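Chain A is the first sequence line, chain B the second, and so forth, proteins listed ahead of strands; every chain is numbered from 1. Atom set for the values below is all heavy atoms of this structure, side chains included, hydrogens, waters and symmetry mates excluded. These figures come from a predicted structure and were not determined experimentally.
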Protein chains: 2
Amino acid sequence: MSKKQLIMETALELFAKQGFEATSVQQITDHCGISKGAFYLSFKSKDELILALIDHFMMQITADIDYIVRNAKNEDLLFQFYYSIYQSFYKHSDFAKVLMKEQSHTFNEELILKMQHYDKLISEAILSMIERLYGNAVKETKYDLMYGIKGFMNTYSQLFVFYNVPLDLKRLAESLVEKTNLLARHTTVPFVTEDLVEMIKFNQPGDLTTAKEQILPLIESKMEEMKDSIEKESLMLLKGELLEPMFPPAVVKGLIENIRRHPHCKWVSYLLIRYFELHKKS
Amino acid sequence: MSKKQLIMETALELFAKQGFEATSVQQITDHCGISKGAFYLSFKSKDELILALIDHFMMQITADIDYIVRNAKNEDLLFQFYYSIYQSFYKHSDFAKVLMKEQSHTFNEELILKMQHYDKLISEAILSMIERLYGNAVKETKYDLMYGIKGFMNTYSQLFVFYNVPLDLKRLAESLVEKTNLLARHTTVPFVTEDLVEMIKFNQPGDLTTAKEQILPLIESKMEEMKDSIEKESLMLLKGELLEPMFPPAVVKGLIENIRRHPHCKWVSYLLIRYFELHKKS
DNA sequence: TTGACAAATGACTAACTGGTCATTAGTATA
DNA sequence: TATACTAATGACCAGTTAGTCATTTGTCAA
């Protein structure tokens, strides 16, 4: 394990227990068994560390959600959605704790922008899921429904982030599927309407465009990290496809599928999916 | 305005903007135009200040909820409930911000206990509301419903705590009434069951008993704060009633009603209601 | 074995924190 | 005016912090 990873894992544990501000760099390095100076060889500052942590996990979670929404069949999409989310939270419960503790803390402008960015991506995924599932029937209530779903995600995750009881995640997902369907099919008094969303959008900065120039360096850095494997070869082929399209969509999809499960490639595959969708031969 | 109040108001603003830990005592006193020493004449420590703030607001909010749950007519109980809550949040939006920012921060054991205490009181109020409204029909799902309601409270308050858009609180309340009714009447797959609640209860310490000895000194201190008025006289009579019961319930209820709206008396009236209900002549 | 380079160290700095207390300013009474 | 009292001040203390950098340690190839 690289020093950077060691620091990130150790820091995450401490942040989850004590919070970001209450954890000193000294404490982190002590737990790692390295010196304070060594920390600053891996990270420029303490802030850079928390930003790296947020990216590391949010990329995975966002990519997971997006993949489910794009690929699950309609009849169990909602279940898969809730189930995979709570699995993520369960797997990365330390990270979830940090997120809840530091929720929107003002200590760093950049961090807030980052979180808003991921929040927006997730909202988009949820919205597209809603539209696919209920179509025109929720035209007036879809934003409300999105808020409801995010509310369920939030509320119920607090349950098992703070209390260490074993939970039946399948049952949880089933329960939320039912609730969501109820709200979707019978709501007649929406509150979060289109224009309210419009007003809120002021606070949102423009999104990152998914550009070739952004993805290429990312692929290259990932390839350096990885040892030779199917994944690495797939990455190389995808890089070629990015520079000069030649494969049919099915091949591209297969290549992406090859790398999708690799924890370090979730984000790359997410970006690639979006990119190739945007640049379909038409 | 007393120095204590000045400090509390100024500090609340700063805490809402920057968070508790990120705001120094020096900053607070600078904004107040007083010296650092003067701060410590009003508060023993910075911690005592945040505890005082939490008490000040949570007492009002808790008492409001409890009053609504006890007194609104069934047909618009749910609406009144949501409406008054969001009015509270709207009125005290700086406080709501602080709460969200510091949510479960580990910096103070006492503070966590305090918050758990208020949370428990609010949960009890919500649960009793649910039972009254839906009765046996929600026997299996009432805890789930409680979580749903708390989830709505949480999610939608984030909406207007973080974005400064004018909101139609009546509409919001109406919308949530509908959602709550939907969940209450059609849920068949509960997740938060009785035994799960039982397991969670480990983390909760025993509650404060509502004893005469607790209420009396509180009444006395409130009476000192107030100038002569109907409210003060009512307080005095209630104090007498506490020591030696003599009035019929209707009179007691009237006296409490007299003081209920006074911001400083919300908590006292809440305690008195509970006390007299527990010690009914029977 | 030597020399050259990179990796790691931890004493140190400058800034800031919550909290204290000898001193001073202000005020009411005699 | 003189006295006695409280209210208020801000320099100061001890402690902690993020971040730096001269120095040491480790690891290669020659």
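Relative orientation of the Phe20(B) and Phe15(B) rings is perpendicular, given thresholds of 30° and 60° on the angle between their planes. Between Tyr86(B) and Phe89(B), the ring-plane angle classifies as perpendicular under the 30° and 60° cut-offs.
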side-chain hydrogen bond (donor to acceptor under 3.5 Å, both in side chains) between Lys150(A) and Ser123(A), intermediate numbers included: CA-CA 8 Å; Lys150(A) 283 168 84 176; Ser123(A) 298; 2.8 Å; yes
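By the neighbour-count criterion of 12 heavy atoms within 6.0 Å, atom NE2 of His92(A) is densely surrounded, having more than that number from other residues, nucleotides or ligands.
Side chain of Thr62(A) to main chain of Met59(A): no donor-acceptor pair is present (N/O by atom type, distance under 3.5 Å, no hydrogens or angles). Panel note: side chain Thr10(B), backbone Leu6(B); a donor-acceptor pair is recorded below 3.5 Å.
For the pair Ile34(B) CD1 and dG10(D) P, the computed distance is 11 Å after rounding to whole Å.
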Footprint string (nucleotides 14-20 of chain D, 5' to 3'): B base within contact, S backbone only, - free, heavy atoms under 4.0 Å: ---SBBB
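Along DNA chain C, read 5' to 3', the first and last nucleotides having any atom under 4.0 Å from a heavy atom of chain A are dA8(C) to dG10(C).
A side-chain donor from one of Glu257(A) and Tyr67(A) sits under 3.5 Å from a side-chain acceptor of the other.
No option in His31(A), Lys46(A), Gln18(A), Lys17(A) other than Gln18(A) meets the side chain to side chain donor-acceptor pair (under 3.5 Å) test with Thr23(A).
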